[in-house]
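We're numbering straight along the sequence, starting at 1.
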Amino acid sequence: MEIQCPSCKKINPDSPECVRCGCELELLKTILLAAEKEVSLGREKLETGNAGEALDHATRSWRLKKTTNAARLAFLANVAEKRYEDAMQWHCRTKNHCHSEED
């Protein structure tokens, strides 16, 4: 997994520290992997009809790393739960059009 150093912005290969500035990257990598795992688990829950749990996973992922995949999952889970107003807020996040206090 390539990771951009938060300090110097250098793109790093799978490395525990930045090759340019030496910044520790392992914790960042762990956070990014956890966010991806939450989206994956959420997709599984949505596919089996458990939209509530899918939304929980999407929200946890979003809190770790604000990604389009997390926002899309939350949008779909809200639509499945017929929470259309909440779904629209997540839709805005997928497009980066809208900003709310939760962003």
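- Taking OH from Tyr84 and NZ from Lys82, the interatomic distance works out to 5.5 Å, rounded to the nearest 0.5 Å.
- Glu2 CD to Leu32 CG: the interatomic distance, rounded to the nearest 0.5 Å, is 12.5 Å.
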Solution key, residues 19-31 side-chain donor-acceptor pairs under 3.5 Å, sequence neighbours excluded:
unit_1	atom_1	unit_2	atom_2	d
Arg20	NH1	Cys8	O	3.3
Glu24	OE2	Glu26	N	2.8
Lys29	NZ	Asp14	OD1	2.5
Thr30	OG1	Glu26	O	3.0

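- With rounding to the nearest 0.5 Å, the separation of CG in Leu76 from CH2 in Trp90 is 12.0 Å.
- The minimum heavy-atom distance between Ile11 and Gln4, with the atom names listed, is CD1-CB, 3.6 Å.
- Glu44 pairs by the side chain to side chain contact (heavy atoms under 4.5 Å, CB included) definition with Ser40, Leu41, not counting sequence neighbours.
- Between atom OG of residue Ser61 and atom CD of residue Glu36 there is a gap of 8.5 Å, rounded to the nearest 0.5 Å.
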Please set out all donor-acceptor pairs under 3.5 angstrom arising from side-chain atoms of residues 50-59, sequence neighbours excluded.
unit_1	atom_1	unit_2	atom_2	d
Asn50	OD1	Glu53	N	3.2
Asn50	ND2	Glu53	OE2	2.9
Glu53	OE1	Lys45	NZ	3.3
His57	ND1	Glu38	OE1	2.6
His57	ND1	Arg60	NH2	3.1
Thr59	OG1	Leu55	O	2.9

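- Ring geometry for His91 versus Phe75: interplanar angle of 30 to 60°, hence tilted.
- Leu33 and Val39 end up in different hydrophobic clusters when Ile, Leu, Val, Met, Phe, Trp and Tyr side chains are linked at under 4.5 Å.
- With hydrogens and angles ignored, the 3.5 Å screen pairs a side-chain donor or acceptor of Lys9 with a backbone N or O of Pro6.
- Within the structure, the ring pair (Phe, Tyr, Trp, His ring centres under 6.0 Å) test picks out no pair touching residues 24-53 (sequence neighbours left out).
- Under the 4.5 Å side-chain heavy-atom criterion for grouping Ile, Leu, Val, Met, Phe, Trp and Tyr, Trp62 is not connected to Leu64 through any hydrophobic cluster.
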